[in-house]
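Okay, so here's the structure we're looking at.
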Amino acid sequence: MTASAPECVALAEGLREVRARTGLSLVALAERTAYSKSSWERYLNGKKPVPRQAVEALCATAGEPAGRLLALWELADAEWSGRARHSRPAVPPRPGPVSPPEATVGAVATAANAATAATVATAGDVGGVTGTPGRARPWRLLTVGVGAAAVAAVAVAAAPSVLGPGAGHPTSLASPVLDPAPGCRGKTCEGKDPGPMSCALPGRVESLGPQRRTRTGAGVEIRYSDVCAAAWGRIWHAEVGDAIEVSAPGSRPRRVAVRNTADTGAYRFTMMVGGADRTGLRLCFIPADGTGRECFDY
């Protein structure tokens, strides 16, 4: 393991930044994920290789896209495993005499350029936090490189395989296997935390309807996962003592409260209510001053 490699340092820095935006202590982070306090201390300080699932769990807890940190994780994992050292050629390979078809070259160039532009935009503005103009950080430069390279590699690999040989008929693509697998589905998700159940991972969750703003300025919404067939409530920019409650027909209501000042600067989630039917869901905001609840039907 080369923990001091730039790729590993960049990943640890990125993990610390996301964890800081959650406002959670290491104890609270351990309670919300499948990893202990001591493990998180090692991950955040670059003392130990980080499992991919831990990166996804941290981003899900923060309510942020995982793409940037997963790109950094791929680079760091190559260093930890030694693949990066073994795959670096001493001398750049000489180009071969045969060029790929023009259409393939154009597709690769277009994909690489689009990936570079999209990754730069994401690195500068992730999770609603706008980057400061000026000198780019190392992990941002690394993200741009891996994003463009990954899309270009996919385009090259896909070009000869999307069309079948000879007749040019499209070939069938296999459905991806969910990794990690969801920990529950439907009624079995009742009262469980969406994070450890892998229901809140990017690509597995969406907001139902528009985000709501309460009279006190707090933001609330219902989150729903098709993969887990379950819903939960989320609150942010709230005051100490505020609470939300999510309910569904045939399910016990689930509530979460803003307990302290650290919670006011982070997302707070209820436990889940299970059910494949999205209709009948209700989210209620209960202010700390007891002036009356605000409810939103979905």
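Only this structure's heavy atoms are used, side chains among them; waters, hydrogens and symmetry mates stay out. For the single chain, residues carry numbers from 1 onward in sequence order.
Smallest separation of non-hydrogen atoms from Glu56 and Pro180: OE1-CD, 3.6 Å. Closest approach of Ala60 to Phe269, counting heavy atoms only: O-CZ, 4.1 Å. For Ala230 against Met272, the heavy-atom pair with the smallest separation is CB-SD, 3.8 Å. The heavy-atom pair separating Ser207 from Arg223 by the smallest distance is OG-NH1, 2.8 Å. In terms of heavy atoms, Leu283 sits closest to Gly233 at CD1-CA, 4.0 Å. When all heavy atoms are compared, the tightest approach of Gly46 to Ala12 is N-CB, 4.0 Å.
A search for salt bridge (charged side-chain N to carboxylate O under 4.0 Å, His left out) contacts involving Arg278 returns Glu206, Asp226, not counting sequence neighbours. Taking Asp289 as the reference, nothing meets the salt bridge (charged side-chain N to carboxylate O under 4.0 Å, His left out) condition, with sequence neighbours excluded. For Cys228, the disulfide (SG to SG under 2.5 Å) test picks out Cys199, with sequence neighbours left out. By the side chain to side chain donor-acceptor pair (under 3.5 Å) test, Asn260 is found to be paired with no residue, residues two or more places apart in sequence or in another chain being considered. For the side chain to side chain donor-acceptor pair (under 3.5 Å) test, residues two or more places apart in sequence or in another chain that qualify with Arg259 are Asp263. By the side-chain contact (heavy atoms from CB on, under 4.5 Å) test, Thr270 is found to be paired with Trp232, Ile244, Val246, Arg254, Val256, residues two or more places apart in sequence or in another chain being considered. Shown here are the side chain to side chain donor-acceptor pair (under 3.5 Å) partners of Glu294, two or more places apart in sequence or in another chain: there are none. Every residue two or more places apart in sequence or in another chain that forms a side chain to side chain donor-acceptor pair (under 3.5 Å) with Thr33 is listed here: Trp40.
Residue Leu11 is grouped with residue Leu26 when hydrophobic side chains (ILVMFWY) are merged at heavy-atom distances under 4.5 angstrom, including chains of intermediate members. The hydrophobic clustering, which links ILVMFWY residues whose side-chain heavy atoms are closer than 4.5 Å, places Val220 and Ile222 together. Linking ILVMFWY residues whenever their side-chain heavy atoms come closer than 4.5 Å, directly or via other members, places Val50 and Leu69 in the same cluster. Hydrophobic clustering (side-chain heavy atoms under 4.5 Å, transitive across Ile, Leu, Val, Met, Phe, Trp, Tyr) keeps Leu201 apart from Leu58. Criterion: ILVMFWY side-chain heavy atoms under 4.5 Å apart, direct or through other members. Under it, Leu208 and Ile235 are part of a common hydrophobic cluster.
Applying the disulfide (SG to SG under 2.5 Å) rule to pairs touching residues 230-298 yields Cys284-Cys295, sequence neighbours excluded. Residue pairs meeting the salt bridge (Lys or Arg N to Asp or Glu O under 4.0 Å) criterion with at least one member in residues 24-45, sequence neighbours excluded, are Glu41-Lys47. Sorted by first and then second residue, the disulfide (SG to SG under 2.5 Å) pairs with a member in residues 245-274 form an empty list; sequence neighbours excluded. Applying the ring pair (Phe, Tyr, Trp, His ring centres under 6.0 Å) test to every pair with at least one member in residues 183-219, sequence neighbours left out, gives no pairs at all.
Here the side chains of Val18 and Val55 are not in contact, with every heavy-atom distance at 4.5 Å or above. In this structure, Arg255 and Ile286 have side chains that are in contact, with non-hydrogen atoms separated by less than 4.5 Å. Two residues are said to be in side-chain contact when any heavy atoms from C-beta on lie closer than 4.5 Å; Thr291 and Arg215 meet this criterion. Counting only heavy atoms from C-beta outward, the side chains of Tyr224 and Tyr298 never approach each other to under 4.5 Å.
Distance CH2/Trp73 to SG/Cys8: 11.5 Å, rounded to 0.5 Å. Between the CZ atom of Phe296 and the CD atom of Gln211 there is a distance of 12.0 Å, given to the nearest 0.5 Å. Distance check, rounded to the nearest 0.5 Å: CZ of Arg204 to OG of Ser198 gives 5.5 Å. Distance CZ/Arg293 to OG1/Thr214: 13.5 Å, rounded to 0.5 Å.
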(message) Does Met271 form a side-chain contact (heavy atoms from CB on, under 4.5 Å) with Asp193? I'd like the steps, not just the answer.
(response) CA-CA 5 Å; Met271 297 295 106; Asp193 191 323; 3.9 Å; yes
(request) For side-chain contact (heavy atoms from CB on, under 4.5 Å), just list the numbers for Arg234 and Val205, CA-CA rounded to whole Å, side-chain angles, deciding distance to a tenth of an Å, and then say yes or no. (result) CA-CA 12 Å; Arg234 181 164 81 166; Val205 62; over 6 Å; no
(request) Kindly determine whether Trp236 and Glu221 satisfy side-chain contact (heavy atoms from CB on, under 4.5 Å), including the steps that lead there. (result) CA-CA 9 Å; Trp236 64 97; Glu221 66 176 346; 3.8 Å; yes
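Asp297 contributes no side-chain N or O that, together with a main-chain N or O of Arg282, makes up a donor-acceptor pair within less than 3.5 Å. Using a distance-only test at 3.5 Å, with no hydrogens or angles considered, no donor-acceptor pair links the side chain of Arg52 to the main chain of Leu70.
In summary, Glu190 and Lys187 engage in a salt bridge, as defined by a charged side-chain N under 4.0 Å from a carboxylate O.
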